[in-house]
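Okay, so here's the structure we're looking at.
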Amino acid sequence: MSTKKKVVVLISYGLDDERSSVAWSIANGGIKSGLDVSIFLVSSGVDWVRKGAADNVHLNPKDPTMKQMIDAVVNNKCRIMVCPPCAEVRGYSVDNLIDEVELIGSGALHQLILEGAEVISL
């Protein structure tokens, strides 16, 4: 059993909101701190994992680019979950999303909370 503290960063802001940069930065900071980090994307936060969407976005010049921050989460094998209805309402299917994400309902988030995860919502 993992002794790492779990945290879920719930991201609801999209490509045009600096709070997204903060959320991905917090996730990466958690990884560097040794936390077991998961991401749950809802509403326009789903746009971040649409193929190519983050490639040219840099919301905060003091942070790495959004692509760099998302790639860091992916490269650290963090779980990235996407709300299925949120993706569907935007016309996204698994074919539109980066390979590392899973379309999964809020039950997965609830399970992580039951396992002791803290949730940070932005």
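Nothing fancy with the numbering, it's 1 onward along the sequence. These numbers come from the heavy atoms of this one structure, side chains and all, not from hydrogens, waters or symmetry mates.
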- Can you name the side-chain contact (heavy atoms from CB on, under 4.5 Å) partners of Ala27, sequence neighbours left out? Val9, Val37, Ile39, Val73
- Query: With sequence neighbours left out, what residues match Arg79 under salt bridge (charged side-chain N to carboxylate O under 4.0 Å, His left out)?
  - Reply: Glu102
- All heavy atoms of Val7 vs all of Ala117, minimum pair found to be N-CB, 4.4 Å
- Message: Please give the remaining members of the hydrophobic cluster of Val119, linking ILVMFWY side chains under 4.5 Å, ordered by chain and number.
- Response: Val8, Leu10, Phe40, Val42, Met81, Ile104, Leu109, Leu112, Ile113
- Residues Ser44, Arg90; criterion side chain to side chain contact (heavy atoms under 4.5 Å, CB included); working and verdict: CA-CA 9 Å; Ser44 59; Arg90 287 163 175 73; 3.7 Å; yes
- Minimal heavy-atom distance between Ile31 and Ala72, with the atoms involved, is CD1-O, 4.5 Å
- Query: Who else is in the cluster with Val89 when I, L, V, M, F, W and Y are joined by side-chain contacts under 4.5 Å?
  - Reply: none
- Query: Is there a path from Ile120 to Tyr13 through hydrophobic residues (I, L, V, M, F, W, Y) whose side chains come within less than 4.5 Å of each other?
  - Reply: no
Review item, side-chain donor-acceptor pairs of residues 91-99, under 3.5 Å, at least two apart:
unit_1 : atom_1 : unit_2 : atom_2 : d
Tyr92  : OH     : Asp47  : OD1    : 2.6
Tyr92  : OH     : Arg50  : NE     : 2.9
Ser93  : OG     : Asp95  : N      : 3.3
Ser93  : OG     : Asn96  : OD1    : 3.3
Asn96  : OD1    : Ser93  : N      : 2.7

- Task: For Cys86 and Ser43, work out which heavy atoms get closest and say how close.
- Result: SG-N, 3.3 Å
- Set of side chain to side chain donor-acceptor pair (under 3.5 Å) partners for Asn28, sequence neighbours left out: none
- Task: Check whether any side-chain N or O of Asn76 sits under 3.5 Å from a backbone N or O of Cys78 as a donor-acceptor pair, and report yes or no.
- Result: no
- Query: Can you pull the side chain to side chain donor-acceptor pair (under 3.5 Å) pairs that have at least one residue in residues 113-122, sequence neighbours excluded?
  - Reply: Lys5-Glu118, Lys6-Glu115, Gln111-Glu115
- Message: For Lys67, give me all partners under side chain to side chain donor-acceptor pair (under 3.5 Å), at least two apart in sequence or on another chain.
- Response: Asp71
- Minimum heavy-atom separation for Asn60 to Lys62, with atom names? OD1-N, 2.8 Å
- Item | Student check: side-chain heavy atoms of Leu41 and Ile11 closer than 4.5 Å | yes
- Trp48 meets the side chain to side chain donor-acceptor pair (under 3.5 Å) criterion, sequence neighbours left out, with Ser20
- Might you point out which heavy atoms bring Asp36 and Lys4 nearest each other, and give the distance in Å? CB-CB, 4.1 Å
- Under the side chain to side chain donor-acceptor pair (under 3.5 Å) test, which residues partner Ser33, sequence neighbours left out? none
- List in chain and number order the residues that pass side-chain contact (heavy atoms from CB on, under 4.5 Å) with Pro64, two or more places apart in sequence or in another chain; answer none if no residue qualifies. Gln68, Met69
